[in-house]
Amino acid sequence: MSSQKKMNFQIEAFKHRVVVDPKYAEKTWKILEHAIHEIYNHNASGLSFEELYRNAYNMVLHKFGEKLYSGLVSTMTSHLKDIAMSVEASQGALFLEELDRKWTEHNKALQMIRDILMYMDRTFIPSTHKTPVHELGLNLWRDNIVHTIKIQMRLKDTLLELVQRERGGDVINRGLMRNVVKMLMDLGSSVYQEDFEKPFLVVSADFYRGESQLFIESCDCGEYLKKAEKRLNEEIERVSHYMDAKSEVKITNVVEKEMIESQMNRLVQMENSGLINMLVDDKYEDLGRMYNLFRRVPNGLSLIRDVMTSHIRETGKQLVTDPERLKDPVDFVQRLLDERDKHDKIINLAFNNDKMFQNALNSSFEYFINLNTRSPEFISLFVDDKLRKGLKGVSEEDVEIVLDKVMMLFRYLQEKDIFEKYYKQHLAKRLLSNKSVSEDAERSLILKLKTECGYQFTSKLEGMFTDMKTSDDTMKGFYAAVGHELGDGPTLGVHVLTTGSWPTQSTTTCNLPSEILTVCSKFKSYYLGTHSGRRLTWQTNMGSADIKATFGRGQKHELNVSTYQMCVLMLFNSGDGLSYTEIEQATEIPSLDLKRCLQSLACAKGKNVLRKEPMSKDIGEDDTFYFNDKFASKFYKVKIGTVVAQKESEPEKQETRQRVEEDRKPQIEAAIVRIMKARRVLDHNNIVAEVTKQLQTRFLPNPVVIKKRIESLIEREFLERDKDDRKLYRYLA
Amino acid sequence: MPRVSKRKSDAVKSSEPAPKKVTKEVERIDSFFASYANTSIGMIDPEGVEKLCSDLCVEHTDVRVLMLAWKMDAKKQGYFTQDEWRMGLKSLHADTIKKLKKQLSELQKEVAKKENFEDFYRFSFRYCLTEDKQKNLDIETACVLLSLVLGPDFNLQVDSFIEFLKIQKEYKVINMDQWTNFYRFCQEIEFPDLKNYDDCLAWPIILDNFVDWLREKSTSA
């Protein structure tokens, strides 16, 4: 409270009511009405915005909003009716242009009107829940122009016809299209959909149905796909130019359905150009196109996958059962690898490395590789060939690539234990004849097998390598200790093989020449002197010898032969013209081996150091053999040995398979016992499933064989049947 | 006819028997035994068994002889020891040939009882294993035995199975497990339609093969 009095300004409210002239409202409205007319007649420049705004403001303020609003509605409506007539009257192509122009003008007018009536928009309209001016303007346009009977139909037909012409290759006025379509969008999504989009989709569906029929009759698969892709891209581009973006997926669905989905099967199966032909001819581009198109439709990719799978299975099956192919195992396996590479490349380049297809490829290969029971043997022979000579001079990385490919095929095998058996045999031959191209490569493969199958698979193989090394050391020790005693005798090389690690061979009889016997027995006593408690048996069927021979005209050659062949040839030092029987008696080599041995000495061109009478191809028991004085060869060193790994003959194959089957029995039994010991009680089906699972890295056990083993275990009282439940077995501790 | 006192000892079977009467029975059983026994070995030998059978008016291949052996729990085929004899005949209450003959039909009824038949069936297999440590029965004997033991009740299955056993080459002998399961087969599986045979269950392989053979026969027929 200050003592000083200040003059405060106070504005007091009107003390008396302002009476508005009743004609005031009418007068004001007339001004505004006039303004609207002027606006629509493009005479807006003469108007004063401020004055009009104030007039509108006052009307609302003095509670004449209703009059203003309804006046607006009727004025605008009458203008729009005029516009409608003008649009209807326009001919042909001018129809759209007129519509577009009038629309643009209307929007401009609407904006101005809205600005003028902004006060009403903000106050009167919300409180009375009436439609705001802008929206009102759109609705009126819609109702008085677009949805009039004449215009509505004509508009739709015009738009669709233009789209059709564009599809036919004509160039149309896209800007105009865009504007008109945008007009429909602005009028509301239901207007857009009902007046344009829905009919558009229906017409398009019909069109593409026709297109697909036409193309499918006249094009091959690749061409059809090209056309379909083109159409699809066109539609997408069309939408981006003059339609609502939401329409894109709808029209693409139509195209996909009519052009792809409905013709899927026919395309894939098309003769001479369908999927299978594309696969065979490596048509990456076409396949890629097919992949991209088919993935858009339900079941498209699975259709491709299924057809591809059955094709691969079929070709694979033919490959593995073709007797011609089976004559050369190495070629056979190479073909398998080529097939896989080919399809791998297709999946890579055309199918986007899609896992679904990778799986289909793998399962197909697994299926047909196991159709041929010799696949394990052949794969081992392939590896053998590579490790002998195929990988000579190849870089380390390339070696790895080849071995990895082999491992891939190995994984497909169900009978891995058969592979193991052959691999061991072939490895033994490679090691003993020192024919392995690279020890690193050998070791690398064994490591890969170990990673794949576990330590047990490869422990014996590694044992073989160890034996070779140990033998080297033993030989050094032998010569150091006893070398001075040997004098001029033949130089001996011995590999001492641990029985469990190497493939089992039955020992055969063979009488070694005396010079050999002497040095061999010296070795034996040396070895047993340093290793007590061991037993040595000479494996005469696995050895080799280098002997120098002098022929008729003094020509000398060094012959590389097997031990058997050496025994036979040494006989000719003390005699000539020996009969088969004499040779057989002297050497005591089993007859089958002896015949093979003599055949390679006497009947092979370029290596016939012996001459046979009669000169037939086969060895008969009445034949006589002579030293071939006339033997000639370009090379000083001649190789006649027969220790190369070969495809087994039928009886040998049967024997190997039998041995493997025998080996499997204890493995199955061990698995059964292991499982039953843990579970105590288990039903039949579960035992079979568990056993199969446990053995799957080695082979696929036959359920009947499993049952037999169970019965055998019951007989030996390891298991018993449950007395009450037929399905159960019990473990007997 | 036996006297009152014997009947009384019948009634008080489970409690302590009147020793004098029982030993009288034992005596009679022993002398019954002695009339057939081969004194040098102290057992009834095959010859004695044959004589017994003819006195009983049954063939010595009759199933009732087998049942008798079961009752005695005889260990060796063709021979009865004194202990076996005593045990068997005492429980049959047959101390004379006439009584024994009469009891044979009772015995048959007893064996036919469900709880006994399986035991009898298994026994008959073991009984035919003549060698020490023998575990399997050759096909020939098995067929005869099957006929004898199961023939009356399951003659369709038995005849069929015997035919199969003679044709098939995989098995030369039958073991106890297969033997026992054949009985279960007869009991559980509908014959001859074999509708409820499931070879994924734990039936022995020989029966799987039997069913396969039957099914093949019926489709080709």
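Each chain gets a letter, A, B and so on, in the order its sequence line appears, and its residues count up from 1.
Top candidate by heavy-atom pairs under 4.5 Å with chain B, chosen from L728(A), I710(A), V688(A), N685(A), is N685(A).
Within 6.0 Å of the NZ atom in K317(A), the count of heavy atoms belonging to other residues, nucleotides or ligands does not exceed 12. Crowding of K76(B) atom NZ: a count of heavy atoms from other residues, nucleotides or ligands under 6.0 Å not exceeding 12. With a 6.0 Å radius and a threshold of 12 heavy atoms from other residues, nucleotides or ligands, E170(B) has its CD atom above the threshold. Around the NZ atom of K460(A), the shell of radius 6.0 Å holds no more than 12 heavy atoms that belong to other residues, nucleotides or ligands. Summarising the local packing, CD of Q456(A) is surrounded by 12 or fewer heavy atoms from other residues, nucleotides or ligands at distances under 6.0 Å. Applying the 6.0 Å contact sphere to CD of E47(B) captures no more than 12 heavy atoms from other residues, nucleotides or ligands. Atom NZ of K424(A) has more than 12 heavy atoms from other residues, nucleotides or ligands within 6.0 Å. Within 6.0 Å of CD on Q134(B) lie more than 12 heavy atoms contributed by other residues, nucleotides or ligands.
A distance of 13.0 Å separates CE of M176(B) from CD1 of I714(A), quoted to the nearest 0.5 Å. To the nearest 0.5 angstrom, D177(B) atom CG is 11.0 Å from E717(A) atom CD.
The minimum heavy-atom distance linking R184(B) with D722(A) is given by the pair NH1-O, 3.6 Å.
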### Message
Between E711(A) and I206(B), does the side-chain contact (heavy atoms from CB on, under 4.5 Å) criterion hold? Intermediate values first, please.
### Response
CA-CA 10 Å; E711(A) 278 185 25; I206(B) 196 175; 5.8 Å; no

### Worked verdict on T180(B) versus R721(A) for side-chain contact (heavy atoms from CB on, under 4.5 Å)
CA-CA 11 Å; T180(B) 332; R721(A) 291 187 201 277; over 6 Å; no

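Residue-level contacts of residues 689-708 of chain A with chain B, in order of numbering, are V704(A), K707(A), K708(A); threshold 4.5 Å between heavy atoms.
Contact annotation for E118(B): neither backbone nor side-chain heavy atoms come within less than 4.5 Å of a heavy atom of chain A.
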